[in-house]
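Working notes for the structure below.
So that the names make sense, note that chain A is the first sequence line, chain B the second, and so on, each numbered from 1. Note that the coordinates shown come from a computational prediction; the quantities given were computed from them, not determined experimentally.
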Amino acid sequence: MPELPEAETIARGLDHLARGRRLLKARVLTAGICERRVKFPVGARVRGASRRAKKVLLTFEGGATLLISLGMTGQVLRRDGNGLPAHTHLILTFDRGLELLYVDPRRLGRLEPARVATTMLAPAEEVAVWCDGRFGAEPLDTTWPEFKRLVGGRRKVFKQLFLDQRPIAGLGNIYADEVLFRAGVYPKARPADLNDEELKRVWREMRAVLRQAIRACGTTFRDYRTATGAAGGFVTRLYVYGREGDPCRRCGKPIVRLNWPTGRSTHYCPTCQPER
DNA sequence: AAGATTACCTGAAGGC
DNA sequence: TGCCTTCAGGTAATCT
């Protein structure tokens with residue numbers, strides 16, 4: 001499930017593969033995967049690939065920027081051989097023989113155009129401007145005072161605060177659970193009820209978990225792959241996600257899984273993350 | 001108005 | 001064996 005580390009890994013792979021390549025052709029196989037307004041900049045060279053929150057951005061010279069929202073099962077893969085993987089929805093053909101595929105079994109992902117003219121902006125600025133109002137702070141760029149300002153005092157429970165992309169953007173179900181375990185914070189704790197020391201642990205672990213997961217090229221449970229088709233290695237480093245009933249790596253007691261919030265799940269250790 | 005719930009999607013897995 | 005139900009969870013829309 002692509003969250004921030006998976007999107008970052010895909011963006012880095014994409015940047016490596018496609019930077020400087022000229023787009024020759026875009027073939028949409030599944031109309032529903034693209035927003036109507038998407039106009040592929042055929043003829044333009046790729047300036048680079050980057051990431052904001054869980055989104056991958058492919059920026060072209062001339063300012064066109066394609067936003068790739070990966071949903072649950074979206075993959076960006078380099079085509080190898082003549083056949084196409086099942087659920088291929090888009091083929092981007094570049095010069096010098098590169099073809100990139102958007103593959104997404106569940107079709108929850110979307111391709112969108114950028115919202116602002118980007119020609120005059122450097123890539124980092126462009127990404128920040130484009131996304132403002134839609135996504136909150138980048139976790140890895142957030143200092144402790146900023147984190148305290150964004151999160152401290154809020155009444156919304158921590159797990160749901162992390163799933164809401166408006167305050168801080170990039171964590172999903174897996175990393176939210178991992179961060180809260182490593183900080184020793186109960187998932188239903190409210191930031192307003194925590195002291196500075198506890199809040200600071202959440203801030204520190206948020207950044208540590210994401211950095212470590214990026215280093216491991218993300219977490220592959222089933223569908224997620226890097227741009228070169230490799231699986232992410234962080235799954236062996238998870239403390240709680242997907243470990244229901246298994247012994248806690250800190251205290252040995254069984255990891256608990258809640259069917260909460262509605263329609264999803266939360267994993268935690270009742271001993272290491274006491275309700276208080 | 002914020003918080004909660006549902007729709008979108010398909011493959012895998014489990015129950016009978 | 002095979003059919004049916006449930007689950008996975010990112011995001012936006014809808015409801016309360």
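- Distance, Leu171(A) CG to dG10(C) P: 10 Å, rounded to whole Å.
- If you take CG of Asp104(A) and C1' of dG10(C), they are 11 Å apart, rounded to a whole angstrom.
- Spacing between atom CD of Glu6(A) and atom C1' of dG10(C) amounts to 12 Å, rounded to whole angstrom units.
- Here, dG11(B) and dA12(C) have their P atoms 24 Å apart, quoted to the whole Å.
- Using a 4.0 Å heavy-atom criterion, one finds that Arg264(A) contacts the bases of the nucleic acid, with or without backbone contacts as well.
- With both ends at atom P, the span from dT5(B) to dC7(C) equals 16 Å, rounded to whole Å.
- Comparing dT5(B), dA4(B), dC9(B) by their nearest atom to the side chain of Thr262(A) picks out dT5(B).
- The interatomic distance linking His89(A) (NE2) with dT10(B) (P) rounds to 9 Å, in whole Å.
- Stacking of Arg250(A) on the aromatic ring of Tyr239(A) is recorded, both the 6.0 Å distance cut-off and the 45° axial limit being met.
- Consecutive Watson-Crick or G-U pairing (both distances under 3.5 Å) extending over three or more pairs maps onto DNA chain B as B:2-8 with C:10-16, B:10-16 with C:2-8.
- Judged by distance alone, with hydrogens and angles left aside, Arg106(A) brings a side-chain donor or acceptor within reach of the base of dC9(B), the pair sitting under 3.5 Å.
- What separates CG of Leu163(A) from C1' of dT6(B) is a distance of 16 Å, to the nearest Å.
- Val202(A) and Val157(A) end up in different hydrophobic clusters when Ile, Leu, Val, Met, Phe, Trp and Tyr side chains are linked at under 4.5 Å.
- Tyr186(A) and Leu171(A) are assigned to two separate hydrophobic clusters, defined by single-linkage of ILVMFWY side chains at heavy-atom distances under 4.5 Å.
- Rounded to a whole Å, the CZ atom of Arg166(A) is 8 Å from the P atom of dA2(B).
- Classified by interplanar angle (parallel below 30°, tilted 30° to 60°, perpendicular above 60°), the ring pair Phe162(A)/Phe147(A) is tilted.
- A salt bridge links Glu138(A) with Arg52(A): the closest approach of a Lys/Arg side-chain nitrogen to an acidic carboxylate oxygen falls below 4.0 angstrom.
- Judged purely by distance below 3.5 Å, without hydrogens or angles, the side chains of Asp104(A) and His89(A) never pair a donor atom with an acceptor atom.
- Comparing Gly263(A) and Arg155(A) by the nucleotide of DNA chain B whose heavy atom lies nearest to each, the residue mapping closer to the 5' end is Arg155(A).
- The shortest distance between the side-chain N/O atoms of Lys156(A) and the OP1/OP2 oxygens of dA2(B) is not below 4.0 Å.
- Rounded to whole Å, the distance from CG on Asn259(A) to C1' on dT5(B) is 15 Å.
- When hydrophobic clusters are built by joining Ile, Leu, Val, Met, Phe, Trp and Tyr residues whose side-chain heavy atoms come closer than 4.5 Å, directly or via intermediates, Leu163(A) is not grouped with Tyr268(A).
- Nearest nucleotide to the side chain of Gln160(A), out of dA4(B), dT11(C), dG10(C): dA4(B).
- Checking side-chain atoms of Thr59(A) against main-chain N and O of Arg47(A) turns up no donor-acceptor pair under 3.5 Å.
- Checking dT5(B), dT11(C), dT10(B) against every side-chain atom of His87(A), the shortest atom distance belongs to dT10(B).
- Residue Leu4(A) contributes atom CG, which lies 14 Å from atom C1' of dG10(C) at whole-angstrom precision.
- The base of dG10(C) lies outside donor-acceptor range of the side chain of Arg110(A), with no N or O pair under 3.5 Å.
- Across all strands shown, Ser265(A) has heavy atoms under 4.0 Å from sugar-phosphate atoms exclusively, and none from any base.
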